[in-house]
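What you are looking at is a predicted structure, and each value in this text was computed from that prediction instead of being measured. One-based numbering along the sequence shown.
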Amino acid sequence: MRVLVVEDEQLLADAVATGLRREAMAVDVVYDGAAAQERIDINDYDVVVLDRDLPLVHGDDVCRRIVELGLPTRVLMLTASGDVSDRVEGLELGADDYLPKPFAFSELTARVRALGRRTTTALPPVLERSGIKLDPGRREVSRDGEEVQLAPKEFAVLEVLMRAEGTVVSAEQLLEKAWDENTDPFTNVVRVTVMTLRRKLGEPPVIVTVPGAGYRI
């Protein structure tokens, strides 16, 4: 899952991004509304965590732009105001969910994951395929009932492949969904991660390489 965090309080923004990365999400961070609009025009995001009161371009205008572009991106709006009227106004702008500050990080994570599931065809919370069971909420993976320990990026790649439900996912798509914008697009990190993931999942291999196209389970 790829997430954009837009928050002008830099310490909070960086803390949220760090926490979401530990949950195997690819996260980009910006600190004002103008930079947010630039990222939205360039990158595809599953979820935008959007502070409402932003400098340069207001969070309301960023939300409107996402709606106007017809993007499948889901918006979780943050605000220091807990007034019901503010929440209603934010939702009417096109936000998919609303979270007042201060918030518990566990709740933020749960809401981001729930919104991320809405960007694709509805799937059960626990994904199962070819003997593999993946629970995004608990960050647990097992194969044929035996637990498999994965690093965050390995988990993220496996989740993308599982959500594809047997269709081919290109290396470029994996790079976009599992890594942030600072990753070199010419790196071999996808190939190396898939090789490690195959080894950890054991025999017989469940990740199939489709020459010239990508990978599938």
Side-chain angles (χ1 to χ4, degrees), residues 1-123 125 135-139 152 156 159 163 176-182:
M1 183 188 306
R2 189 164 187 182
V3 179
L4 176 64
V5 174
V6 190
E7 167 62 63
D8 63 323
E9 296 181 40
Q10 294 193 20
L11 289 177
L12 176 59
D14 293 343
V16 168
T18 298
L20 293 178
R21 287 174 184 137
R22 288 173 179 163
E23 296 294 321
M25 301 181 197
V27 185
D28 297 333
V29 185
V30 293
Y31 309 110
D32 62 71
Q37 289 189 335
E38 291 176 0
R39 296 302 192 283
I40 290 164
D41 287 343
I42 296 172
N43 302 318
D44 294 328
Y45 294 102
D46 297 298
V47 179
V48 174
V49 178
L50 178 66
D51 182 41
R52 192 171 185 187
D53 299 313
L54 292 170
L56 301 184
V57 176
H58 198 275
D60 290 358
D61 295 320
V62 176
C63 187
R64 288 192 188 97
R65 180 164 181 77
I66 292 172
V67 174
E68 289 170 357
L69 291 173
L71 301 176
T73 303
R74 302 298 179 177
V75 177
L76 173 58
M77 190 168 278
L78 306 177
T79 182
S81 174
D83 292 345
V84 173
S85 59
D86 286 337
R87 298 185 194 184
V88 171
E89 186 176 353
L91 293 171
E92 288 180 344
L93 287 169
D96 298 278
D97 200 357
Y98 207 96
L99 188 60
K101 301 175 184 176
F103 50 81
F105 181 74
S106 58
E107 182 179 5
L108 173 72
T109 303
R111 288 175 182 267
V112 170
R113 285 203 176 279
L115 290 175
R117 289 195 292 269
R118 296 187 203 171
T119 61
T120 57
T121 304
L123 293 172
D135 186 334
R138 296 184 177 181
R139 289 212 48 235
E159 183 176 357
R163 290 190 181 279
E176 180 177 290
K177 291 292 185 182
W179 280 268
D180 61 34
E181 64 183 359
N182 296 316

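- Shown here for Ala156 and Ala178, the closest heavy-atom pair between the two residues is CB-CB, 3.9 Å.
- Between the side chain of Asp32 and the backbone N or O of Ala35 there is at least one donor-acceptor pair closer than 3.5 Å.
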Output, in order, the C-alpha distance, side-chain angles, deciding distance and verdict of side-chain contact (heavy atoms from CB on, under 4.5 Å) for Asp96 and Val47. CA-CA 10 Å; Asp96 298 278; Val47 179; over 6 Å; no
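- When all heavy atoms are compared, the tightest approach of Ala17 to Val29 is CB-CG2, 3.3 Å.
- Rounding to the nearest 0.5 angstrom, the gap separating the CD atom in Glu7 from the CG atom in Asp53 is 9.5 Å.
- Of all non-hydrogen atoms in Pro55 and Asp8, the two that sit nearest each other are CD-CB, 3.5 Å.
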Could you go through Val57 and Arg65, starting from their C-alpha distance and side-chain angles, then the distance that decides it, and tell me whether this counts as side-chain contact (heavy atoms from CB on, under 4.5 Å)? CA-CA 11 Å; Val57 176; Arg65 180 164 181 77; over 6 Å; no
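- The 12-atom threshold is not exceeded at CZ of Arg22, counting heavy atoms of other residues, nucleotides or ligands nearer than 6.0 Å.
- Annotation: the span from Phe105 atom CZ to Glu23 atom CD amounts to 6.0 Å, rounded to 0.5 Å.
- Under a cut-off of 6.0 angstrom, the local environment of CG in Leu11 is sparse, with at most 12 non-hydrogen atoms contributed by other residues, nucleotides or ligands.
- A salt bridge (charged side-chain N to carboxylate O under 4.0 Å, His left out) with Asp46 is found for one member of Arg113, Arg74, Arg2, Lys177 and no other, namely Lys177.
- Nearest heavy atoms, Cys63 versus Val75: SG-CG1, 4.3 Å.
- Looking only at distances, a side-chain donor or acceptor of Thr73 sits under 3.5 Å from a matching main-chain atom of Tyr45.
- Annotation for Arg139 and Pro152: closest pair NH2-CA, 3.7 Å, computed over non-hydrogen atoms.
- A distance of 10.0 Å separates OG1 in Thr109 from CD in Glu107, rounded to the nearest 0.5 Å.
- We find the CD-CD1 distance between Gln37 and Ile42 to be 12.0 Å, quoted to the nearest 0.5 Å.
- Taken to the nearest 0.5 Å, the CZ atom of Arg111 stands 4.5 Å off from the CG atom of Asp97.
- One side chain, Asp14 or Tyr31, offers a donor N or O that lies under 3.5 Å from an acceptor on the other.
- Asp28 places no side-chain N or O within 3.5 Å of a backbone atom of Leu4 that could act as its donor or acceptor partner.
- Put simply, the side chain of Asp51 reaches to within 4.5 Å of the side chain of Lys101, judged on heavy atoms.
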Determine whether Val49 and Val27 satisfy the following criterion, side-chain contact (heavy atoms from CB on, under 4.5 Å), listing intermediate values before the conclusion. CA-CA 10 Å; Val49 178; Val27 185; over 6 Å; no
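- Atom CZ of Arg52 is separated from atom CG of Asp61 by 10.5 Å, given to the nearest 0.5 angstrom.
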Please walk me through it: do Asn43 and Glu176 pass side-chain contact (heavy atoms from CB on, under 4.5 Å)? CA-CA 8 Å; Asn43 302 318; Glu176 180 177 290; over 6 Å; no
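- Minimum heavy-atom separation, Val5 to Ala13: CG1-O, 4.1 Å.
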